[in-house]
Undergrad: 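I have a structure I would like to understand better, so I am pasting it below and will then ask my questions one at a time.
Every chain is numbered from 1, with letters handed out A, B, ... down the list of sequences.
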Protein chains: 2
Amino acid sequence: MRQLNLNALRVFAIAASHGNLQRAADELNLSRGAVSQRIKQLEIDLGVVLLKRGARGVSLTAEGKRCHAGVTDALAVLETALVSIGEENDHVTLHLGSSTATKWLMPRMDAFATAFPKLSLKTEVHEQILSRSLGRNEIALWPGSEQDPNLAHRSRRLTDIRLVAVCSPDFLRPDWPMGLETLLTLPLLQDAHRRWEKLIEATGYGNVHKLLNFDRSALALDAAICGHGIAIAPTYMIENDLSSKRLVEIWVDPEPSDDGLYVSWSKDHVGEHHISRIVDWIASEFR
Amino acid sequence: MRQLNLNALRVFAIAASHGNLQRAADELNLSRGAVSQRIKQLEIDLGVVLLKRGARGVSLTAEGKRCHAGVTDALAVLETALVSIGEENDHVTLHLGSSTATKWLMPRMDAFATAFPKLSLKTEVHEQILSRSLGRNEIALWPGSEQDPNLAHRSRRLTDIRLVAVCSPDFLRPDWPMGLETLLTLPLLQDAHRRWEKLIEATGYGNVHKLLNFDRSALALDAAICGHGIAIAPTYMIENDLSSKRLVEIWVDPEPSDDGLYVSWSKDHVGEHHISRIVDWIASEFR
DNA sequence: CACCAGCGTTTAGAAAATCTATCGCCTTGG
DNA sequence: CCAAGGCGATAGATTTTCTAAACGCTGGTG
């Protein structure tokens with residue numbers, strides 16, 4: 001165990017997560033044979049078979065599962081420690097979803113730059129929530145129904161997520177505000193959360209006139225701005241479009257939701273690196 | 001970061017913890033030059049200087065400290081996951097101090113074997129408390145003043161640590177039980193805890209007749225059995241010697257202590273692997 | 001002040017690990 | 001039965017890593 005080849009462990013972890021040696025080889029820029037050999041050698045070193053080779057790919061054995069879990073955890077710890085290595089203390093990385101980036105962060109970039117003139121901000125957009133812990137000088141913004149469960153993090157609820165239906169002022173019917181039932185007969189724009197569909201299901205109203213799907217909220221909102229229909233989105237994403245009159249609210253979800261927007265940062269290093277000040281600034285933007 | 005050489009990170013971690021490349025090389029069965037080169041290459045890959053080279057060895061730079069902490073953590077996680085790999089489920093490893101092993105475990109080995117006939121027990125004696133977390137099928141026994149703070153562990157207080165002074169029946173003076181003051185004039189045997197010295201300091205009694213130091217409790221107790229003086233030790237270590245009349249109690253520390261003996265095991269995998277049953281058995285041995 | 005011991009670095013060449021390319025052997029789905 | 005998609009084994013090429021020896025620096029010592 002002392003002399004175990006750690007690089008081989010990483011190769012194994014990647015192969016295991018793909019369930020396929022070829023794809024692992026692609027990710028590692030190696031040939032399939034190389035991956036096969038390294039895993040074979042690792043198994044010899046450990047004295048344990050980690051992968052079951054099938055005709056349709058590889059799968060984990062019981063021992064393999066334990067090993068994979070351990071290696072994955074360890075790599076996550078390592079990555080957390082190493083992301084910020086070599087980074088200056090005046091660099092901060094903000095992790096968030098693409099729509100939050102477009103609709104919330106972008107309109108506030110100037111204000112941010114003014115508030116922290118010496119700080120260099122790096123934005124990273126993710127489809128998935130980060131699998132590792134946040135390092136020093138990293139901040140994440142995520143919607144969810146509860147506090148960040150990661151014990152290495154501190155987190156703070158920024159705002160409730162309240163849904164509103166919005167459309168372009170040009171699209172507006174004269175008889176607004178209208179009931180949900182009328183609303184549902186118009187072209188509906190929704191994102192991957194499929195909030196209109198859920199609403200329809202919950203209310204029991206049937207026949208939908210027109211339903212357009214986008215893979216992210218920002219696109220649905222942009223479609224609404226262009227007058228293609230009615231989008232449904234959290235309030236925090238549309239403030240800017242409302243104040244610039246590109247969108248108008250035509251309906252507010254009466255149903256209270258547990259969901260909120262949260263900000264998380266590393267529990268370690270609190271006090272250093274401006275992080276707390278930035279979190280305070282972010283929170284202040286939500287009043 | 002993706003392609004970072006993990007083996008080099010381990011070499012760095014070992015070198016950093018020794019503060020000396022030669023000793024790291026010895027531990028790794030490598031030449032000094034090899035260690036030097038790997039760390040150099042790692043620094044190039046990371047784009048950061050990790051070690052400050054001095055005339056008297058190496059020391060960590062600020063970045064190096066962060067990196068070392070991260071790597072150490074990650075390796076601990078990994079080791080925790082891998083120690084038990086390839087181990088059968090009917091193997092259990094017990095970690096404890098050497099005196100606890102000699103004076104508590106040894107006399108109970110038969111009883112243990114009877115209680116768990118199918119189980120294979122591996123004992124590991126340590127000078128220091130384990131730096132990694134316990135894996136599945138590992139149990140640790142440690143004295144301390146509080147619960148095991150490791151969040152990945154469950155733990156249970158087995159008994160209070162009460163100190164008693166003991167000596168061989170042959171050594172016994174006719175006028176026992178005696179006061180502490182008289183006691184302190186006799187040859188005193190103590191271990192690395194230096195409990196007699198603390199007692200003398202606390203009571204303020206001066207001139208000590210004779211003080212013999214041993215590096216572990218079991219040796220002090222064995223010396224007492226041989227009639228060389230009076231040892232001071234926790235009650236749980238001497239039960240066997242008392243009942244076999246090799247030792248007799250001549251004084252009990254009246255001062256209550258927060259210290260206790262604790263047993264810890266992994267929080268994960270609870271329910272599997274007999275671990276709970278073994279912990280129960282251990283606890284039952286303390287009534 | 002000269003000298004030595006301890007420690008890190010550099011270099012070239014040797015040794016070992018690792019990779020690629022190919023071929024062979026399954027299994028699965030048409 | 002054949003083709004496609006996967007994995008394994010092997011041999012030779014390539015790259016990495018190691019050793020050994022010489023070098024340079026620093027601090028202690030007589």
Side-chain angles (χ1 to χ4, degrees), chain A residues 1-65 67-68 71 75, chain B residues 1-65 67-68 71 75 78 82:
Chain A
M1 151 78 222
R2 181 98 290 167
Q3 310 280 17
L4 203 64
N5 190 329
L6 300 179
N7 294 323
L9 280 174
R10 175 170 52 194
V11 171
F12 158 70
I14 291 173
S17 65
H18 281 104
N20 177 311
L21 299 199
Q22 180 62 62
R23 279 198 287 281
D26 292 344
E27 177 172 340
L28 290 161
N29 297 313
L30 289 177
S31 65
R32 198 170 15 103
V35 174
S36 174
Q37 287 173 68
R38 294 201 74 155
I39 293 174
K40 162 68 73 70
Q41 186 57 48
L42 177 65
E43 290 180 326
I44 292 171
D45 293 345
L46 285 172
V48 164
V49 176
L50 299 170
L51 294 179
K52 214 166 21 206
R53 279 76 168 173
R56 224 65 207 151
V58 293
S59 58
L60 288 161
T61 63
E63 295 289 22
K65 268 179 205 147
C67 186
H68 183 236
V71 174
L75 287 177
Chain B
M1 151 80 223
R2 179 98 290 165
Q3 309 281 15
L4 202 64
N5 191 327
L6 300 179
N7 293 323
L9 279 174
R10 175 170 51 194
V11 171
F12 158 69
I14 291 173
S17 66
H18 281 103
N20 177 312
L21 299 200
Q22 179 64 62
R23 278 198 287 281
D26 293 344
E27 177 173 339
L28 291 160
N29 296 313
L30 289 178
S31 65
R32 218 175 0 157
V35 174
S36 173
Q37 288 175 68
R38 294 202 72 152
I39 293 174
K40 160 71 71 74
Q41 187 56 50
L42 177 64
E43 289 180 327
I44 292 171
D45 293 345
L46 286 173
V48 164
V49 176
L50 299 170
L51 294 179
K52 214 167 19 207
R53 280 74 167 175
R56 227 65 206 154
V58 293
S59 58
L60 288 162
T61 62
E63 294 290 23
K65 268 181 204 146
C67 185
H68 183 237
V71 174
L75 286 177
L78 193 61
L82 295 186

Undergrad: I'd like a list of close polar pairs between nucleotides 23-30 of chain C and the protein, N/O only, cut-off under 3.5 Å.
TA:
none

Undergrad: For C:dG6 and B:N20 - does any side-chain N or O of the residue sit under 4.0 Å from the phosphate oxygens OP1/OP2?
TA: no
Undergrad: For the residue pair B:L9 and B:C67, what are the closest heavy atoms and their distance?
TA: CD2-SG, 4.2 Å
Undergrad: Take atom NZ of A:K40 and atom P of C:dC19, then tell me their distance rounded to the nearest Å.
TA: 15 Å
Undergrad: Among B:T61, B:V58, B:L42, find the residue that satisfies the side chain to side chain contact (heavy atoms under 4.5 Å, CB included) test when tested with B:L51.
TA: B:V58
Undergrad: Looking only at heavy atoms, which two atoms of A:L28 and B:Q3 are closest? And how far apart?
TA: O-NE2, 4.3 Å
Undergrad: Base, sugar-phosphate, or nothing for B:G33, non-hydrogen atoms under 4.0 angstrom?
TA: base
Undergrad: Report the C-alpha distance between A:R32 and A:E27 in whole Å, list the side-chain angles of each, state the deciding distance to 0.1 Å, and finish with yes or no for salt bridge (charged side-chain N to carboxylate O under 4.0 Å, His left out).
TA: CA-CA 11 Å; A:R32 198 170 15 103; A:E27 177 172 340; over 6 Å; no
Undergrad: Specify the residue among B:G54 and A:V35 whose closest nucleotide of DNA chain C lies further upstream toward the 5′ end.
TA: B:G54
Undergrad: Examine D:dC7: is either OP1 or OP2 under 4.0 Å from a nitrogen or oxygen in the side chain of A:S36? Give yes or no.
TA: no
Undergrad: Write down the distance between CG (B:L21) and C1' (D:dT26), rounded to a whole number of angstrom.
TA: 16 Å
Undergrad: Mind calculating the distance between CG (A:N7) and C1' (D:dT17) to the nearest angstrom?
TA: 12 Å
Undergrad: Rounded to the Å, how far apart are A:I44 CD1 and D:dA9 C1'?
TA: 12 Å
Undergrad: Show the numbers, then the answer: is there a side-chain hydrogen bond (donor to acceptor under 3.5 Å, both in side chains) between B:N5 and A:N7?
TA: CA-CA 7 Å; B:N5 191 327; A:N7 294 323; 3.0 Å; yes
Undergrad: Does any N or O donor sit under 3.5 Å from an N or O acceptor when you compare the side chain of B:Q37 with the base of D:dT19?
TA: yes
Undergrad: Specify the closest pair of heavy atoms between A:R38 and A:V11, including all atoms of both residues, with the distance to one decimal.
TA: CD-CG2, 4.2 Å
Undergrad: Rounded off to whole Å, could you give me the CD1-to-C1' distance for the B:I39 and D:dT16 pair?
TA: 17 Å
Undergrad: Assuming nearest nucleotide by heavy-atom distance, tell me which of B:R38 and A:V58 is located more 5' along DNA chain D.
TA: A:V58
Undergrad: side-chain contact (heavy atoms from CB on, under 4.5 Å), that's the test. Do B:V48 and B:E43 meet it? Break it down for me.
TA: CA-CA 5 Å; B:V48 164; B:E43 289 180 327; over 6 Å; no
Undergrad: Whole Å only: how far is the CD atom of B:Q3 from the C1' atom of C:dT18?
TA: 14 Å
Undergrad: Does B:N5 place a side-chain N or O at less than 4.0 Å from the phosphate oxygens OP1/OP2 of D:dT16?
TA: no
Undergrad: If you only use heavy atoms from C-beta on, which nucleotide in C:dC7, C:dT20, D:dG8 is closest to the side chain of B:R23?
TA: C:dC7
Undergrad: Round to a whole Å and report the spacing from CD of A:Q22 to C1' of D:dG8.
TA: 14 Å
Undergrad: Roughly, in whole Å, what's the span from CG in A:L30 to P in D:dT14?
TA: 17 Å
